[in-house]
Amino acid sequence: MKKKYQSLLQQISLQTLAVTVLFISSLLVFTYIADENVLENNNVFDNKVIAYMAAHSTPLLIRVMEIITFFGSMQFLLPVYILLIIYFLLKSNYVYATDIAIIASTSTGAMYLLKQLFKRHRPGLPLIENAVGYSFPSGHSLSSFIFCTMLAYILWMSPGKKTWKYVATFFLLIFSIAIGLSRIVLNVHYATDVIAGFCLGIIWVLVSFWLMNKIQRRNIS
């Protein structure tokens, strides 16, 4: 019993360490990009990525990316969020309904606030017409990462085989990355916008789940 308890404590400690490292790393990368690439206007890396994409993009790739990028837009995510919230309300799962509403709305608000704060303009000559607003950070990257993370969390909290949960989580992560990549291929975001969007998504998810767990534990006690 004692060995089992010690093993559990060790596992919790390792999880806490991993989460802490992930949070700090994401915060440092986001801060570095905001300072070096946005405020200092250092576009060397971004321009190299743009040149590479322009040289290797094909009409088929661009068409595929136009389809993929839709799944990171508010036109797709907003109705899906509403349906998810309604579904959990009907299931009397008010915790999930509340968590989804709060995380989705606060992350969107933070994204728009940061866009207005940094006011970074988008790359020239975008390949789609509906790219409006400022560029940093990428809203599609942030929103898709948070959406896919919440789906993965709900999946892991539900019954089912772990193997399928790992597979589904992997594909959700890949899909989120593909949405971020689509913004670079379509030349509506700099690569650093997308990286910063993912970093902000990681930060927001970790802080949000930490706060939600604290609130839920306080309510239970």
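Please read these numbers as outputs of a predicted model, since none were measured by experiment.
In this structure, the side chain of S73 engages the main chain of F70 through a donor-acceptor pair within 3.5 Å. At distances below 3.5 Å, at least one donor-acceptor pair connects side-chain atoms of T169 with backbone N or O atoms of K165. Of the possible polar contacts, one joining the R122 side chain to the G133 backbone as a donor-acceptor pair under 3.5 Å is found. A donor-acceptor pair is defined here as one N or O able to donate and one able to accept, closer than 3.5 Å; such a pair exists between the side chain of H189 and the backbone of S135. Panel note: side chain D35, backbone E40; no donor-acceptor pair is recorded below 3.5 Å. Side-chain N or O atoms of S208 include none that pairs as donor or acceptor with a backbone N or O of V205 at under 3.5 Å. The main-chain N or O of N43 is found under 3.5 Å from a side-chain atom of N47 such that the two form a donor-acceptor pair.
Taking OG1 of T192 as the reference point, atom CG of N42 lies at 9.5 Å (rounded to 0.5 Å). Atom CG of N93 and atom CG of D99 lie 8.5 Å apart (nearest 0.5 Å). Here the CG atom belonging to L84 is positioned 11.0 Å from the CG atom belonging to L89, to the nearest 0.5 angstrom. Considering CD1 of I103 and OG1 of T98, their distance stands at 10.5 Å, rounded to 0.5 Å.
Listed by first and then second residue, the side chain to side chain donor-acceptor pair (under 3.5 Å) pairs that reach into residues 80-90 come to none, sequence neighbours excluded. For the side chain to side chain donor-acceptor pair (under 3.5 Å) condition, the pairs that include at least one residue of residues 101-112, sequence neighbours left out, are T106-W204.
When hydrophobic clusters are built by joining Ile, Leu, Val, Met, Phe, Trp and Tyr residues whose side-chain heavy atoms come closer than 4.5 Å, directly or via intermediates, I102 is grouped together with I100. Note: the hydrophobic cluster containing L127 also contains L60 (ILVMFWY, side chain heavy atoms under 4.5 Å, direct or indirect links). M157 and L206 fall within the same hydrophobic cluster, where Ile, Leu, Val, Met, Phe, Trp and Tyr residues are linked whenever their side-chain heavy atoms come under 4.5 Å apart, directly or through other members. Under a hydrophobic clustering in which Ile, Leu, Val, Met, Phe, Trp and Tyr are joined whenever their side-chain heavy atoms come within less than 4.5 Å, directly or via other members, I128 and F71 fall into the same cluster. Cluster annotation: L181 and I68 are assigned to the same hydrophobic cluster (Ile/Leu/Val/Met/Phe/Trp/Tyr, side-chain heavy-atom contacts under 4.5 Å, transitive).
Counting only heavy atoms from C-beta outward, the side chains of I195 and F45 approach each other to under 4.5 Å.
Through chains of ILVMFWY side-chain contacts below 4.5 Å, Y190 is grouped with I50.
Contacts of E36 classified as salt bridge (Lys or Arg N to Asp or Glu O under 4.0 Å), with partners at least two apart in sequence or in another chain: none. With sequence neighbours excluded, no residue forms a ring pair (Phe, Tyr, Trp, His ring centres under 6.0 Å) with W210. Listed by chain and residue number, nothing satisfies the side-chain hydrogen bond (donor to acceptor under 3.5 Å, both in side chains) test with S57 (two or more places apart in sequence, or in another chain).
Considering all non-hydrogen atoms of both residues, V188 and P126 come closest at CG1-CB, 3.7 Å. In plain terms, the two heavy atoms of S176 and C148 that are nearest each other are CB-SG, 4.0 Å. R120 approaches N37 most closely through the heavy-atom pair NH2-O, 3.5 Å. Contact detail for I184 and M53: the closest heavy-atom pair is CG2-CG, 4.0 Å. For A168 against L155, the heavy-atom pair with the smallest separation is CB-CD2, 3.3 Å. Nearest heavy-atom pair, F30 versus A196, reported as atom, atom and distance to 0.1 Å: CD1-O, 3.5 Å.
Other residues, nucleotides and ligands contribute over 12 non-hydrogen atoms within 6.0 Å of the CG atom of L83.
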Does the side-chain contact (heavy atoms from CB on, under 4.5 Å) test come out yes or no for L200 and F145, once each step is laid out? CA-CA 9 Å; L200 183 59; F145 179 83; over 6 Å; no
Start with the C-alpha gap between L142 and F198, add the side-chain angles, then the distance that decides, and say whether side-chain contact (heavy atoms from CB on, under 4.5 Å) holds. CA-CA 5 Å; L142 169 64; F198 283 130; over 6 Å; no
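Taking the six-membered ring where the residue is Trp, F88 and Y96 present perpendicular rings, their angle passing 60° and hence far from 30°.
Salt-bridge check for R183 with D193: failed, with every basic side-chain N at 4.0 Å or more from each acidic carboxylate O.
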